[in-house]
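Read the structure below first, then the notes.
Order of the sequence lines sets the chain letters (A, B, ...), proteins ahead of strands, with each chain counted from 1.
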Amino acid sequence: MDDGVLKEILKGIKGFRDYYPADFAKVNYILDIMKKVSESFGYEEYEGPSLEYAKLIEIKSGEEILEETFIVKGKDDRKLVLRPEQTPTLARMIVNEQQRYPKPIRWFSIPRIFRNETPQKGRVREFFQFNADIIGVDHPAADAEIIALTCNIIKTSGLKDGEFICVINSRELVQSYIEYLGIENYLDVIKVLDSKEKYIQDFIVEELLEKKFTASKAKEIATFVRLKKQKKEKEFPNLSNKDKEYINYYYELSPEIEKQKIIETLIKIGLDEEIAEKVYFFSKTKGTPSFFLEEISKLDLGEKASLALEKLRELAIYLEYFGVINNCEYNASIARGLDYYTGIVYEFFDRTGSVVRAIAGGGRYDQLVSSFGGEKIPATGIGMGETVLMAILEDLGRLPTYCQKVDFYVAPVNKKVIKEAADITARLRKEFRVLFNPFGWKLSNQLEDAAARKIKHMIIVGKRELEQNKVTLRNLETGEQTLLPIEGIEDELRKIVNTE
RNA sequence: GCCCCGAUAGUUUAGUGGCUAGAAUUGAGGAUUGUGGCUCCUUAGAUGCAGGUUCAAAUCCUGCUCGGGGCACCA
């Protein structure tokens with residue numbers, strides 16, 4: 001094999017990560033919190049296979065999703081996929097065995113998830129995704145509990161109030177209202193509302209082209225306008241004053257453009273002007289839950305949408321009970337891509353300006369389980385990758401510094417006492433994490449070794465001490481040494497480990 | 001899939017077409033057979049890949065790969 005090819009191979013696959021001990025410790029810091037907090041909420045851990053039939057994903061999430069999955073061929077030619085999400089697997093498991101478990105089922109899982117997308121900040125092709133679900137109750141308190149659980153994990157990891165936000169909406173509310181207005185193609189409308197930023201960009205480019213700007217210049221200015229809104233303009237120098245004037249001009253104008261373009265596009269897909277305006281104003285509503293509920297209830301909603309609004313009202317009560325309502329915002333424009341979501345949907349975002357992407361997202365999927373056959377089982381749940389949260393914590397410097405997890409380094413001073421040192425080590429390992437050096441190294445080298453590993457305590461085993469049935473305990477940070485009797489040494493060591 | 005920036009030992013980096021690519025740190029061995037983090041010695045280790053221009057390329061050009069940032073997408 002030639003060197004070029006070999007080098008490529010050694011680099012590993014694009015978007016996949018090697019976790020060296022210090023890296024894996026960071027990942028585990030977050031995964032441990034996910035696990036501990038979930039257990040503190042009474043959730044049970046489950047796991048599924050890494051591979052599923054492509055059909056399983058396709059049925060539930062649509063065929064286009066398969067374009068971004070890794071496809072594997074099974075022996076019988078059936079297409080298999082490396083799981084791009086955990087929910088279909090969970091739904092499958094529930095369909096098969098649901099009668100065994102008392103409802104509601106509260107389960108969590110931290111599977112490795114695979115997505116064949118372009119890597120960028122907070123996005124890789126293989127990652128750990130925390131999933132928590134409540135299955136078997138159709139009650140807003142279940143959604144509130146999932147949101148509270150997620151808030152708890154995010155806060156325990158190191159983000160503070162105000163550094164993240166949970167944005168909540170109800171698909172039922174949006175859909176019922178749009179249908180109440182007499183619109184049939186509800187999904188088309190959602191799509192338009194979702195792409196509002198794109199319409200603004202297109203409008204600016206179009207207008208600048210008419211003013212004889214080059215295409216690339218026009219696009220550049222449009223991009224700057226968007227970045228100015230995200231407060232990131234400082235990253236872009238080298239602009240003429242004339243360009244800056246245009247950016248400010250369109251920046252000021254963009255709310256107006258947004259309104260005009262969205263209404264225009266809605267009319268284009270068949271809505272009356274009056275209806276299009278109603279849809280636009282509805283979709284713009286957002287703010288604290290109480291503000292949102294008040295604003296929306298002013299509208300003429302119709303029966304179904306009113307019911308959906310009642311559920312959001314009830315949800316707010318439980319968010320309040322669970323102490324997370326200040327971390328939440330209601331917003332009529334968030335949709336979430338997945339088709340299987342039916343009611344309340346929620347999405348967590350960073351507020352520190354570190355990452356634009358969502359930290360976590362989830363919602364209610366009352367039809368998913370029944371669509372695999374069997375009775376209707378309501379469910380709600382969240383998915384949270386470890387990468388985005390980790391990128392934010394990394395930027396804020398809130399990840400703990402790494403050190404090797406060893407309580408004691410056992411150092412025999414010469415080859416003659418290795419057996420005795422090994423016996424002591426075996427005893428201590430029943431209770432402590434002990435690194436033993438059986439290689440017959442000189443003591444000075446062992447001290448250096450322990451220091452390089454940042455291990456705090458060394459137990460020195462030598463002939464002099466053994467003659468009085470003792471060993472030396474050395475604190476490697478202070479250099480302090482004490483002689484300890486081997487008999488009952490665990491009690492002394494326990495004190496030291498517990499005070500740290 | 002698109003756009004911008006980048007790539008020199010494990011890591012941080014020097015080197016603006018010209019001597020054998022230089023250093024720090026890390027790794028390995030030793031000075032030192034019971035007390036370290038100091039010092040000293042020895043040793044190992046790099047121009048991402050493939051072409052092109054040139055007497056001469058780490059340096060200039062093209063393509064690719066990988067990384068970073070952004071767009072689109074985002075279960």
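What separates NZ of Lys416(A) from C1' of U33(B) is a distance of 9 Å, to the nearest Å. One can place CD of Gln120(A) at 14 Å from P of G1(B), the figure rounded to the nearest angstrom. One can place CZ of Arg112(A) at 19 Å from C1' of A75(B), the figure rounded to the nearest angstrom. As a whole-Å value, the separation of Asn116(A) CG from G1(B) P is 9 Å. Going from atom CH2 of Trp441(A) over to atom P of U32(B) covers 19 Å, rounded to whole Å. Protein atom CG of Asp18(A) is 13 Å distant from nucleotide atom C1' of C66(B), rounded to whole Å. The distance between atom CD of Gln129(A) and atom P of C74(B), rounded to the nearest whole Å, is 16 Å. In this entry the distance linking CD1 of Ile334(A) with C1' of C74(B) reads 14 Å, nearest Å.
Taking the six-membered ring where the residue is Trp, Trp107(A) and Tyr46(A) present tilted rings, their angle falling between 30° and 60°. Ring orientation note: the planes of Phe408(A) and Phe432(A) are nearly perpendicular, at an angle over 60° on the 30°/60° scale.
With 3.5 Å as the limit, one finds no donor-acceptor pair spanning the side chains of Ser38(A) and Glu45(A). Under the 3.5 Å distance criterion, with hydrogens and angles disregarded, a donor-acceptor pair is assigned to the side chains of Glu465(A) and Thr472(A). Using a 3.5 Å distance cut-off with no hydrogens or angles, the side chains of Thr87(A) and Tyr341(A) do not pair a donor with an acceptor.
Look at the C1' atom in both U32(B) and A21(B): the space between them is 36 Å, to the nearest Å. Comparing the P positions of A24(B) and U43(B) gives a spacing of 14 Å, expressed to the nearest Å. Annotation: G45(B) and C5(B) have their P atoms spaced 36 Å apart (nearest Å). Spacing between A23(B) and C19(B) at atom P, rounded to whole Å, works out to 16 Å. Comparing G1(B) with G48(B), their C1' atoms are spaced 24 Å from each other, to the whole Å. Nucleotides U26(B) and G10(B) are separated by 16 Å at their P atoms, to the nearest Å. As rounded to the nearest Å, G17(B) and C3(B) have P atoms that lie 30 Å from one another. Nucleotides C74(B) and C60(B) have their P atoms positioned 40 Å apart, rounded to a whole Å.
With a cut-off of 3.5 Å on both pairing distances, the Watson-Crick or G-U wobble partner of G1(B) is C71(B). Here C40(B) sits opposite G30(B) as a Watson-Crick or G-U wobble pair (both hydrogen-bonding atom distances under 3.5 Å). Look at G45(B): it lacks any Watson-Crick or wobble partner with both distances under 3.5 angstrom. Checking G6(B) for Watson-Crick or G-U wobble geometry (two distances, each under 3.5 Å) identifies C66(B) as its partner. With a cut-off of 3.5 Å on both Watson-Crick or G-U wobble distances, the partner of G51(B) is given as C61(B). Across all strands shown, U13(B) forms a Watson-Crick or G-U wobble pair with G22(B), both key distances being under 3.5 Å.
A donor N or O paired with an acceptor N or O is not found under 3.5 Å between the base of A75(B) and the side-chain atoms of Gln86(A). Side-chain atoms of Arg123(A) come within donor-acceptor range of the base of C73(B), with a qualifying N/O pair under 3.5 Å.
For Lys26(A), the salt bridge (Lys or Arg N to Asp or Glu O under 4.0 Å) partners are Glu394(A), not counting sequence neighbours. Listed by chain and number, the residues in a side chain to side chain donor-acceptor pair (under 3.5 Å) with Lys79(A) amount to none (sequence neighbours excluded).
Residue contacts shown for Gly385(A) are absent, as no nucleic acid heavy atom lies under 4.0 Å away.
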Sugar-phosphate means primed atoms, P, OP1 and OP2; the rest is base. With that split, encode nucleotides 34-41 of chain B 5' to 3' as B, S or - using protein heavy atoms under 4.0 Å. BBBB----
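The shortest heavy-atom contact between Pro49(A) and Thr89(A) is CD-CG2, 4.0 Å.
Taking the centre of each ring, Phe16(A) and Phe70(A) come in below the 6.0 Å mark.
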